[in-house]
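This report refers to the structure that appears directly beneath it.
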Amino acid sequence: IRSALRRAGSNLKDVSFDNIEAIKSLLSAGKSGKKIEIPGGLIVIREFDRLAMRRRIPAPADYEYQLEIPGQVRVPEMGKVFRAEVIETLGSEPGPGRIFVDADSVGRCVRIRNWKPGDYYRPVGLPAGKLKKLFQRVRIPISHRKSWPVVVADSSIVWVASFPVSREFAPSDRSRRVVAIEALPL
């Protein structure tokens with residue numbers, strides 16, 4: 001543990017026996033998501049089946065952008081451009097970075113913001129529930145969740161990047177118009 005702390009940038013000057021024991025306690029079952037702050041500006045985080053040691057960085061700031069339909073918006077916090085366009089037919093397949101939504105249910109614009117505790121999501125093909133549980137199920141570390149992009153219409157989640165569209169916004173046989181929303185690298 002001490003050599004890993006050294007590799008992460010600690011000089012071990014103020015690291016005590018109690019700090020080392022606290023880090024060891026993170027190895028116990030049921031500790032995923034727990035973190036320990038170590039003197040000298042380091043944190044040790046249990047992320048599922050591994051320990052991550054890194055410099056303490058400030059939590060990412062909340063962000064929110066409006067995406068007009070059609071239109072595009074840059075989200076520098078994610079290094080992405082989100083684009084929305086009205087399409088005539090579903091000629092291509094949705095994927096991790098592209099989804100289709102019913103244009104009438106989504107409205108004239110959506111908001112792109114970061115994940116927030118309490119977000120509830122009803123993805124096609126997956127059980128509905130809190131987004132935190134979905135992140136845990138697919139093993140997205142806590143350090144990535146705070147900045148994860150969420151597309152919202154009014155107060156309902158339309159899409160969470162890398163996951164399926166929400167059930168209430170999925171196009172159906174009765175959809176008169178369809179919107180393609182995609183996330184592209186900057």
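Sequential numbering from 1 along the given sequence is applied to the chain's residues.
At a threshold of 4.5 Å between non-hydrogen side-chain atoms, the residues L5 and V44 count as touching. Taking the side chain as every heavy atom from C-beta outward, R167 and V124 approach each other to under 4.5 Å. Put simply, the side chain of F169 reaches to within 4.5 Å of the side chain of S156, judged on heavy atoms. Taking the side chain as every heavy atom from C-beta outward, D119 and V160 never approach each other to under 4.5 Å. The shortest distance between side-chain heavy atoms of R6 and L12 falls below 4.5 Å. Considering only heavy atoms from C-beta on, S147 stays 4.5 Å or farther from E77 through its side chain.
Note that NZ of K116 is 5.5 Å distant from CD of E64, once rounded to the nearest 0.5 Å. With rounding to the nearest 0.5 angstrom, the CD1 atom of I99 is 5.5 Å from the CH2 atom of W159. Rounding to the nearest 0.5 Å gives a distance of 10.0 Å between NZ of K146 and OH of Y63. Rounded to the nearest 0.5 angstrom, I36 CD1 and L26 CG are separated by 4.5 Å. Taken from CD1 in I23 to CZ in R46, the straight-line distance is 13.5 Å, to the nearest 0.5 Å. One finds the CD atom of E47 at 11.0 Å from the NZ atom of K35 (value rounded to the nearest 0.5 Å).
Linking ILVMFWY side-chain heavy atoms closer than 4.5 Å, directly or via other members, places W115 and I45 in two distinct hydrophobic clusters. Linking Ile, Leu, Val, Met, Phe, Trp and Tyr whenever their side-chain heavy atoms come within less than 4.5 Å puts V138 and V151 in one cluster. Put simply, V165 and V152 are part of the same group of oily side chains (I, L, V, M, F, W, Y) that touch within less than 4.5 Å, one to the next. Residues F17 and I38 are members of separate hydrophobic clusters, defined by side-chain heavy-atom contacts under 4.5 angstrom among Ile, Leu, Val, Met, Phe, Trp and Tyr. Hydrophobic cluster membership is shared by Y121 and L126, with clusters built from Ile, Leu, Val, Met, Phe, Trp and Tyr side chains linked at under 4.5 angstrom.
The two residues I1 and K24 make their nearest non-hydrogen contact at CD1-CG, 3.5 Å. Across all non-hydrogen atoms, the minimal contact from F82 to K80 is CE1-CB, 3.9 Å. Residues A84 and V179 share a closest heavy-atom pair of CB-CG1, 4.2 Å. Across all their heavy atoms, F48 and R139 have their closest contact at CB-NH2, 2.9 Å. Considering all non-hydrogen atoms of both residues, Y65 and P76 come closest at OH-CD, 3.5 Å. Closest of all the heavy-atom pairs between L42 and S10 is CD1-CB, 3.3 Å.
Taking the charged nitrogens against the carboxylate oxygens, R176 and D102 have no contact shorter than 4.0 Å, which rules out a salt bridge.
Residue N11 qualifies as enclosed at atom CG: its count of foreign heavy atoms under 6.0 Å is above 12. The neighbour count for R54 CZ, taken as heavy atoms of other residues, nucleotides or ligands under 6.0 Å away, is above 12.
Between the side chain of R98 and the backbone N or O of A180 there is no donor-acceptor pair closer than 3.5 Å. Under the 3.5 Å distance criterion, the side-chain polar atoms of R83 are left unmatched by any main-chain donor or acceptor of A183.
Taking the six-membered ring for Trp and thresholds of 30 and 60 degrees, F163 and W148 have ring planes inclined between 30 and 60 degrees apart.
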